[in-house]
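The model shown is predicted, which means the values in this text are computed figures rather than measured ones. Just so it is clear: chains get the letters A, B, ... in the order the sequence lines come, proteins before strands, and each one is counted from 1.
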Amino acid sequence: MLDMRLIREEPERVREALVKRHMDPSPVDKILTLDEQRRQLIQGVEEKRAERNVVSKDIAKMKDQVERQAKIDEMRQLGDNIDAIDADLKAVEVELNALVSELPNIPDPDVPVGVDDSDNVVVRTVGELPEFDFEPKPHWDLGPELGIIDFERGVKLAGSRFYVLSGLGARLQRALIYWMVDLHVKQGYLEKYPPFMVRGEILYGAGQLPKFEDNLYKDHEEDLWMIPTAEVPLTGLHMDEILDEAQLPLRYTAYTACFRREKASAGRDVRGIKRGFQFDKVELYTFCRLEDSPAEHDRMVSDAEETAALLGLPYRMMLQSTGDLGFGSHKTYDIEMWAPGCKEWLEVSSISNVGDFQARRSGLRYRPTDGKNTQFVHTLNGSGLGLPRTLIAVLENYQQADGSIVIPEVLRPLMGGETVIRAEG
RNA sequence: GGAGGGAUGGCCGAGUGGACGAUGGCGCCUGUCUUGAAAACAGGUGUGGGUUUGCGCCCACCGGGGGUUCGAAUCCCUCUCCCUCCGCCA
């Protein structure tokens, strides 16, 4: 949610942001008109309310019944008048709110202007791409051959885009989750285990509703929705709270499953485990003061990078262009790992500085130590790595000529000392 | 699933139609006193919105929404959440 004051005072900045994102800037004018209307209606209705408050107090003291009744009649009329203006005001506010809540965040000046993800900029590449003296296989061949990914039974259970991990495959994923959460705790994040389902207002606060309703699973009898990422419950944790400045920054990490209907990418990436309706992820999340968010962003990027580096997987750091930048994001880095079997760069992590965009929608504020007005916090979120894609990177980068997989060293203690995944495993 | 009881400011807790944005206590801040601290005493201490150069003024908010009324924390309806008991089930 953008600050109405910003839209009012610097509409050009907002229009420019929309243009950079290839969106229609015309709602800005409509918003300005509605905002003006809103304030006029408020002035009118509050003036009348003030009058009613004064007269009502007088009525309580009146002895003369005739005069008293006359005032009561007068106030009844005034009340009807107030109700009428109130109805207009409400209609204007609903329309205004709908338009403002669909405005995306303003991109940071550093964000390259582009059409889509092909305009994302490579910031750095870390690690050497592995060389193979054989033709590396994609994970959708390796997994079934080793008996660690069962696509057929996943489809039997739940349909397309589902799979079953088996044996050391399941254990490898569990080890990755355990190891990642532990690493983030060491990096200074507090571990959380939130609900995987939340109420609609929490999704609104995180910016997922109303715009992305199609992408979410929902309980149709209750206002309960499956989370598409741990970012959603973590954002909602402090909804409507006023934190003390001294508490900040708050850094959290959480493992959750994530559920996405993938309506927007129907038919894409249907092969393998890259894009499922359900996947696991370890998330990083920070609430901080506005002036600290760029530094916190850098910190989260390097914490996520450490995860990739310790696994011994080559990756590249991308800065998203305005064509790829998420709705609520101010600036986003992606970590992409190379998958030699699929022969593509996999987005394993997306680390965003959201600024006060979610804080405004969720009511996340703090009171400065100097006692001045409350401020909105800045929020940042990032995957400490998405599991399926990290799993793909491990399987495809660590594969051997005989089809076996060497287990990354850091995970071996969590896998009972196993060093290699072989067929029949 | 059945029966009943609750939800008030940072916390505790009064308030059942008009002077209540809300008594009181605790906590916190400031001042007086003190070498310092404590104690005591005095004052202050919510959020959002509108308006104003500013001081300020006004409006709304007593779990959420709606209603009755000239006027609602207080009465009515409804939803959510919490507690107690019974039943059922992991």
Side-chain angles (χ1 to χ4, degrees), chain A residues 1-9 31-101 193-205 209-210 218-225 233 236-248 250 356-377:
Chain A
M1 181 79 86
L2 295 182
D3 184 359
M4 192 58 232
R5 227 163 308 196
L6 169 74
I7 304 172
R8 196 185 295 151
E9 285 161 19
I31 286 168
L32 291 173
T33 307
L34 288 167
D35 176 52
E36 184 58 35
Q37 276 178 32
R38 172 177 171 269
R39 285 185 295 154
Q40 275 178 17
L41 289 168
I42 285 176
Q43 281 179 49
V45 79
E46 289 196 346
E47 199 176 296
K48 290 181 165 58
R49 251 198 266 271
E51 185 188 347
R52 181 174 69 181
N53 287 346
V54 170
V55 176
S56 286
K57 275 179 190 167
D58 290 344
I59 289 174
K61 291 179 242 164
M62 284 182 171
K63 295 284 192 285
D64 182 334
Q65 285 308 310
V66 177
E67 191 188 348
R68 183 184 151 92
Q69 191 55 48
K71 280 294 176 196
I72 288 178
D73 292 343
E74 199 181 308
M75 285 307 102
R76 185 178 296 146
Q77 276 198 337
L78 187 62
D80 291 345
N81 203 334
I82 289 171
D83 287 348
I85 302 176
D86 244 349
D88 290 348
L89 176 60
K90 196 173 237 178
V92 167
E93 285 186 329
V94 165
E95 197 182 348
L96 179 61
N97 226 330
L99 288 175
V100 173
S101 68
Y193 179 82
F196 293 5
M197 306 177 85
V198 295
R199 293 179 296 112
E201 70 180 272
I202 303 293
L203 281 154
Y204 175 85
L209 285 178
K218 138 166 229 208
D219 175 339
H220 284 279
E221 286 178 37
E222 312 287 340
D223 177 33
L224 257 194
W225 308 64
L237 267 183
H238 296 292
M239 178 175 264
D240 293 326
E241 290 181 26
I242 300 175
L243 304 164
D244 290 327
E245 181 174 0
Q247 289 176 262
L248 301 175
L250 291 170
D356 63 6
F357 192 83
Q358 289 174 328
R360 249 170 230 294
R361 293 170 86 104
S362 294
L364 308 168
R365 289 168 295 171
Y366 70 96
R367 184 181 309 287
T369 308
D370 63 19
K372 292 291 190 281
N373 292 334
T374 58
Q375 298 273 342
F376 286 106
V377 300

**OP:** Could you summarise the pairing of RNA chain B as dot-bracket text, marking Watson-Crick and G-U pairs under 3.5 Å with ( ) or [ ] inside the strand and | across strands?
**Re:** ((((((((.[[[..)..(.....]]]((((((.......))))))((((((....)))))).[[[[[..)....]]]]])))))))....
Might you list the N or O atoms of the protein lying below 3.5 Å from N or O atoms in nucleotides 44-49 of chain B, with each pair's distance?
| unit_1 | atom_1 | unit_2 | atom_2 | d |
| --- | --- | --- | --- | --- |
| B:U47 | OP1 | A:R367 | NH1 | 2.7 |
| B:U47 | OP1 | A:R367 | NH2 | 2.9 |
| B:U47 | O3' | A:R365 | NH1 | 2.9 |
| B:G48 | OP1 | A:R365 | NH1 | 3.0 |
| B:G48 | OP1 | A:T374 | OG1 | 2.6 |
| B:G49 | N2 | A:E46 | OE1 | 3.1 |

Distances for protein N or O near nucleotides 68-71 of chain B N or O, under 3.5 Å:
| unit_1 | atom_1 | unit_2 | atom_2 | d |
| --- | --- | --- | --- | --- |
| B:C70 | OP1 | A:R76 | NE | 3.3 |
| B:C70 | OP1 | A:R76 | NH2 | 2.4 |
| B:C70 | OP2 | A:R76 | NE | 3.2 |
| B:C70 | O4' | A:I72 | O | 3.4 |
| B:C70 | O2' | A:S56 | OG | 3.2 |
| B:G71 | OP1 | A:R52 | NH1 | 3.2 |
| B:G71 | O4' | A:S56 | OG | 3.3 |

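When the shell of 6.0 Å around CZ of A:R199 is examined, it contains 12 or fewer heavy atoms from other residues, nucleotides or ligands. Environment of CD in A:E47: sparse, with no more than 12 heavy atoms of neighbouring residues, nucleotides or ligands closer than 6.0 Å.
With C1' as the reference atom, B:C20 and B:A72 are 11 Å apart, rounded to whole Å. Going from the P atom of B:G44 to that of B:G56 covers 15 Å, rounded to whole Å. If you take atom P in B:G50 and the same atom in B:G43, they sit 34 Å apart, rounded to whole Å.
Side-chain atoms of A:R361 come within 3.5 Å of backbone atoms of A:Y204 as a donor-acceptor pair (strictly under, hydrogens ignored). Side-chain N or O atoms of A:S362 include none that pairs as donor or acceptor with a backbone N or O of A:A359 at under 3.5 Å. Without hydrogens or angle criteria, A:R367 side chain to A:D244 main chain gives no donor-acceptor distance under 3.5 Å.
Of the side-chain N and O atoms in A:N53, none sit less than 4.0 angstrom from OP1 or OP2 of B:C58. Look at A:Q43 and you'll find a side-chain N or O under 4.0 angstrom from OP1 or OP2 of B:U51.
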